[in-house]
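Labels below follow one simple rule: chain letters A, B, ... track the order of the sequence lines, proteins then strands, and each chain is numbered from 1.
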There are 2 protein chains.
Amino acid sequence: MSDLVKQTHGSHGSCSIEQALGLVGDRWSLLVLRDCFRGLRRFDEIRRDLGIPRAVLADRLRRLVDAGILSRRRYSDHPPRDEYRLTQMGRELSPILVALMHWGDRWLQVGDPPTVLIHSACGEPFDLGFHCTHCAVDFGPLEVASRQSEAILP
Amino acid sequence: MSDLVKQTHGSHGSCSIEQALGLVGDRWSLLVLRDCFRGLRRFDEIRRDLGIPRAVLADRLRRLVDAGILSRRRYSDHPPRDEYRLTQMGRELSPILVALMHWGDRWLQVGDPPTVLIHSACGEPFDLGFHCTHCAVDFGPLEVASRQSEAILP
DNA sequence: CTAGGTCAGTTCAGGAATCGAACCAAGTCC
DNA sequence: GGACTTGGTTCGATTCCTGAACTGACCTAG
């Protein structure tokens with residue numbers, strides 16, 4: 001299996017969003033990572049949970065390990081067995097999963113969302129928000145604009 | 001063209017992350033939406049910027065409009081021309097793009113990241129963070145855990 | 001020691017999605 | 001009229017994903 005990364009389509013090949021999506025922007029990677037956040041570590045645990053084809057999971061795990069998002073760790077020599085854990089780089093993906101989850105909760109009206117991520121200190125759900133150090137205020141997603149063009153109004 | 005959504009792979013078909021990825025979890029949708037945040041509105045503007053095949057862009061725009069993330073708006077009758085704008089549902093995707101951008105900036109060492117998103121009130125970049133109302137504290141991505149299993153330590 | 005099961009994959013054939021290139025229609029510019 | 005723009009559609013070739021079967025190393029029960 002191969003690229004998944006599009007080096008420079010268009011004028012913004014260096015955009016961090018494109019770089020990030022090159023690593024985790026396919027249909028399965030973020031779901032695999034969600035399972036890692038849920039504590040799943042073994043090939044077959046993840047495979048059964050997601051229903052992902054074995055070949056694709058093997059490929060995605062290889063890719064995520066190569067990228068430094070997961071680490072492969074031997075937990076048994078006889079038989080040889082590895083498990084996969086989030087590195088710090090991987091754990092810092094949590095804002096992306098949280099943002100996806102909050103947006104899905106808000107707009108896709110799933111009846112009873114299985115709350116996935118919580119504040120580790122207290123076990124409660126939490127908010128995700130923006131903070132402007134320049135203005136010293138918190139704000140919401142509608143106050144986000146772009147430097148190239150301010151015009152995002154509807 | 002068809003699904004892209006996997007209804008119920010595994011035991012968590014109702015997970016908001018899965019639902020959200022079913023709409024924007026392919027290789028192009030989030031890049032299209034990034035361009036919308038940057039102020040691009042026309043088919044050919046986006047196509048040229050991303051280098052996306054026309055058929056794929058037409059399909060993604062249709063899908064995003066159907067989902068309510070973009071709106072199609074006629075701006076010329078002769079010739080008939082439409083433009084695409086973010087709805088509120090679409091603009092509330094900004095935390096996902098911001099999270100991807102921040103993570104990419106931090107871990108993918110792009111030399112000189114073209115800063116895409118800013119606080120509309122002041123034009124400056126901003127932070128994205130978690131806030132726990134229960135504990136009344138702000139915290140970072142490493143303090144995120146899962147309700148099913150607390151064990152995300154490395 | 002043999003049958004069956006687990007775990008972590010690889011291999012393979014078929015189908016689906018994506019790709020670039022070509023084409024089209026409706027209008028504008030000159 | 002001829003060239004150009006915009007917003008697509010259609011086409012064949014390639015690439016990717018999928019499910020099913022297979023492997024290999026080990027473990028357990030009988």
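- Between the side chain of S29(A) and the backbone N or O of D26(A) there is no donor-acceptor pair closer than 3.5 Å.
- Going from atom CG of D82(A) over to atom P of dC7(C) covers 14 Å, rounded to whole Å.
- One can place CZ of R27(B) at 13 Å from P of dT15(D), the figure rounded to the nearest angstrom.
- For V56(B), taking side-chain heavy atoms from C-beta onward, the closest of the listed nucleotides dA8(C), dC17(D), dC19(C) is dC19(C).
- The distance from atom CZ of R60(B) to atom P of dA17(C) is 10 Å, rounded to the nearest whole Å.
- Rounded to whole Å, atom P of dA17(C) lies 12 Å from atom CG of D26(B).
- Salt-bridge formation is detected for the pair D49(B)/R34(B): a Lys NZ or Arg NE/NH1/NH2 atom is positioned less than 4.0 Å from an Asp or Glu carboxylate oxygen.
- Computed from coordinates, the D44(B) CG to dT9(D) P distance equals 13 Å when rounded to whole Å.
- Here the P atom of nucleotide dC7(C) and the CG atom of L61(A) are 15 Å apart, to the nearest Å.
- For the 3.5 Å distance criterion, the side chains of D138(B) and H131(B) qualify, holding a donor opposite an acceptor.
- For A58(A), whose side chain is taken as the heavy atoms from C-beta onward, the closest listed nucleotide among dG9(C), dG8(D), dC7(C) is dG9(C).
- The side chain of R74(A) places no N or O atom within less than 4.0 Å of a non-bridging phosphate oxygen (OP1 or OP2) of dC7(C).
- Among the atoms of the strands shown, none is found under 4.0 Å from any heavy atom of R47(B).
- Ring centroids of F139(A) and H119(B) are separated by less than 6.0 Å, placing the two rings close together.
- At a threshold of 4.0 Å, the pair R41(B)-D35(B) does not count as salt-bridged, since none of the basic side-chain nitrogens sits closer than that to a carboxylate oxygen.
- Checking the phosphate oxygens (OP1, OP2) of dC16(D), no side-chain nitrogen or oxygen of W28(A) falls inside 4.0 Å.
- Contact check, Y84(A) against dC7(C): no side-chain N or O comes under 4.0 Å of OP1 or OP2.
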With B for base contact, S for sugar-phosphate-only contact and - for none (protein heavy atoms under 4.0 Å), nucleotides 19-26 of chain D reads S-B---BS
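- Put simply, the side chain of R147(A) gets close to the backbone of G123(B): a donor and an acceptor are under 3.5 Å apart.
- At dT10(C), one or more side-chain N or O atoms of R62(A) fall inside 4.0 Å of OP1 or OP2 (strictly under the cut-off).
- One can place CG of D59(B) at 12 Å from P of dG8(D), the figure rounded to the nearest angstrom.
- The distance from atom CZ of R63(A) to atom P of dC17(D) is 8 Å, rounded to the nearest whole Å.
- Side-chain polar atoms of W107(B) and E92(A) form a donor-acceptor pair below 3.5 angstrom.
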